[in-house]
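Presented below is the structure to which this report refers.
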Amino acid sequence: MPTPLRSRGFIAAALLPALIVFILFAIVPILWSVYYGFFQWKGMGQPKFIGFGNYSAMLQDPVFWRALKNNLILVVSAIAGQIPIALVGALLLTANGWFNRLIRSALFMPMVLSTVVIGMIWGYIYNSQFGLLNEALSLLGLESWTRAWLSDPKINMYAVSIPINWSNIGPYLIIFIAALQNISSEIHDAAAIDGASGWRKLRSVTLPMVWSTVVVTLVLCIAGSLKAFDHVIVMTGGGPAKSTELLATYMYNNTFAVYRYGYGSAVSTMIIVISLLLIALNLLVTRRKNG
Amino acid sequence: MKATAAPIRPEAVGKPRAGSAAGRFAVKLALLLYAAGTLYPLYWLFISALKTNDEFFAHPYALPQKWVLSNLSRAWELGHMGRAMVNSVVVSVLAVALTLLLGTMAAYVLSRFRFPLSRAATGLFVLGMLIPIHSTLVPLFIVMNKVGMLDTYASLILPYTAFELPIAIFVTIAYLASIPREIEEAALIDGCGWWGIFFRMILPLCKPALATVAILAFLRFWNDFAFALVFINSQALKTLPLSLALFSDGFGTDYSLTMGAMAIAVLPTIAAYLVFQEQIMKGMTAGAVKG
């Protein structure tokens, strides 16, 4: 039987490699970004300490606010689009027949595709010269509806949000199906005995039963929407004229296009702060609604 | 009483019982249309990849009149996709192997041993799932630049592993909870050391969990764009998503060529999805809930 000492050796040797890789490449970078966020630095030469200078510059930059607003547009579109569609889909697809399985697989499919490919395909769909969307509208006699979907600053952020929503519905659908299948048959029996069916049952029995799951998906939507980067870099690069800039692309463009490393680090730190704030806010609001 | 009042069988749960046959048909039709709409961009990608450029512009919706494979072969050669494919395979496979090894060892320790820092370590990994990945791009770039790690396979493999470890660890811990400890205790009494138990018993027993972790990790690494975009500059090390994104710049107007390149890039993931879809759907959903 191994002595406690040998166990201790095993614990250290088996846990430390994972812990070290994780801390070095996931946790420590956050500390670095906080640190470099206090400097003005072009990537070469001596970084110059400027305190909260980067942060005050950020708060005065209209592009930062535009990026934040665009991120919030994505959050709202995810909450208004992905969750209801996934919930309705789940209500219709709860039973485990072959037909439902097939539909579920199809709806989940975009999740496994490369975000670059999704961005490029939708870039072509939206293309103002040969894009499928404008072509389809013309075919239907709706020429007046055709748009420069990705370059018109009034609509391009909404256009960008559609592929992101389209590709992310799958997991929410599966989460809701699992939650619906977990409602025990006694509850359905009880509802039937009480004469509840159709809308009434949906409103008073089914939806309250899956409400905690909805809260989870709200948090996921917020976290997911703040992660958006690939699709936008590929479709618009944040342009034209920064109209589709997101926090992540704002950070990327400031760091790697104009080499403001210190500023980019400050934006990175801000992204972490904002996402934690939003998640906390969401938990607070939904908890109050629940209680 | 209960027996007579049980017309609702578990498998009927969630079906619109009150709906007429026509209503049910309409629902199925709507679901089918929605699924077809979800898959359409993908279908369009493949038919466009097999068309000439002229046809692509003239008949964007139609099936190819002349099926051509030359887009695929030209994309393969002109885009150096063979090289990119090798890079993607090397990076993804090594990162998956590292994730599995480090993740399982850590999961085993965290699930079987109680020691002073076990809760802190678990908490740290939970925290890791809340970190928006993109916020680490800039600091990782700065630090890797300092230590000369940019433009190496390791610059992708180590961050990939770090960000996949939390999910790998929690999926494996959940699975280990279902394995009775008596087997390990018996092995201990037989004089097997912890390493022997881990490699000869735990790893083989964990195969189903490892398979799920491996598939999810592979898809994520294979599709990653952000890290590759920032950390890889050398043409010889570009992964598939990176070489695709450059395709759209380099061969701007040769759309069917670009479509060919995209078709090549998504085929492996679609094949993986068709084979492992149950695992992928469950795993990604579990990962999403925890992440």
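By convention in this document, chain letters (A, B, ...) are assigned in the order of the sequence lines, proteins followed by strands, and residues within each chain are numbered from 1.
Within the 4.5 angstrom heavy-atom criterion, only side-chain atoms of B:Glu278, from C-beta onward, approach chain A. Neither the backbone nor the side chain of B:Leu117 comes within contact range of chain A; no heavy atom of the residue lies under 4.5 Å from a heavy atom of that chain. Proximity to chain A involves both the backbone and the side chain of B:Phe125, based on heavy atoms less than 4.5 angstrom apart. Within the 4.5 angstrom heavy-atom criterion, only side-chain atoms of A:Ile233, from C-beta onward, approach chain B. In this structure, the portions of A:Ala13 lying under 4.5 Å from any heavy atom of chain B include both its backbone and its side chain. Residue contact with chain A, scored on non-hydrogen atoms closer than 4.5 Å, involves the side chain of B:Leu165 exclusively. With a threshold of 4.5 angstrom between heavy atoms, B:Phe225 approaches chain A through its backbone and through its side chain. No part of A:Leu31 comes within reach of chain B, as not one of its non-hydrogen atoms sits under 4.5 angstrom from that chain. Contacts between B:Trp44 and chain A at a heavy-atom distance below 4.5 Å involve the side chain alone, from C-beta outward. With a threshold of 4.5 angstrom between heavy atoms, A:Ser265 approaches chain B through its backbone and through its side chain. Contacts between A:Leu202 and chain B at a heavy-atom distance below 4.5 Å are absent for every atom of the residue. For B:Phe276, no part lies under 4.5 angstrom from a heavy atom of chain A. Looking at B:Ile280, the atoms closer than 4.5 Å to chain A (heavy atoms on both sides) sit in the backbone and in the side chain alike. For chain A, the nearby parts of B:Leu124 are the backbone and the side chain; heavy atoms of each come within less than 4.5 Å. Of the atoms belonging to A:Ala136, heavy atoms from both backbone and side chain fall under 4.5 Å from chain B. Both the backbone and the side chain of A:Pro17 come within less than 4.5 Å of a heavy atom of chain B. If you measure heavy-atom distances from B:Phe56 to chain A, the contacts under 4.5 Å come from the side chain alone.
Ranked by heavy-atom pairs under 4.5 Å with chain B, the list A:Ile271, A:Ile272, A:Leu93, A:Leu113 is led by A:Leu113. In terms of heavy-atom pairs under 4.5 Å with chain B, the best-connected choice from A:Tyr35, A:Trp41, A:Tyr172, A:Phe229 is A:Phe229. Among A:Thr255, A:Leu107, A:Ile85, the residue making the largest number of heavy-atom pairs under 4.5 Å with chain B is A:Leu107. Contact tally against chain B (heavy-atom pairs below 4.5 Å) for A:Met109, A:Met270, A:Arg104, A:Arg101: the top residue is A:Met109. Ranked by heavy-atom pairs under 4.5 Å with chain B, the first of A:Thr213, A:Leu19, A:Leu16, A:Leu226 is A:Leu19. Chain B forms more heavy-atom pairs under 4.5 Å with one residue of A:Thr115, A:Ile174, A:Leu132 than with any other, namely A:Leu132.
The aromatic rings of A:Tyr252 and A:Phe256 lie tilted to each other, with the angle between the two planes from 30° to 60°.
In this structure, B:Trp194 has its ring center at least 6.0 angstrom away from the ring center of B:Phe198. The aromatic ring centroids of A:Tyr36 and A:Trp32 lie less than 6.0 Å from each other.
The number of heavy atoms from other shown groups lying within 6.0 Å of CZ (B:Phe115) is above 12. Counting heavy-atom neighbours within 6.0 Å of B:Phe25 CZ, excluding the residue itself, gives a total of 12 or less.
Between the side chains of A:Tyr263 and A:Tyr250, at least one donor N or O lies within less than 3.5 Å of an accepting N or O. Side-chain contact of A:Ser105 with B:Gln277: a donor-acceptor pair under 3.5 Å is present, judged by distance alone.
A:Tyr126 approaches A:Ile162 most closely through the heavy-atom pair OH-CB, 3.5 Å.
Residues of residues 154-163 of chain B that come closer than 4.5 Å to chain A, counting heavy atoms only, are B:Leu158, B:Pro159, B:Thr161, B:Ala162, B:Phe163, ordered by residue number.
Rounded to the nearest 0.5 angstrom, B:Leu229 CG and A:Asp230 CG are separated by 8.5 Å.
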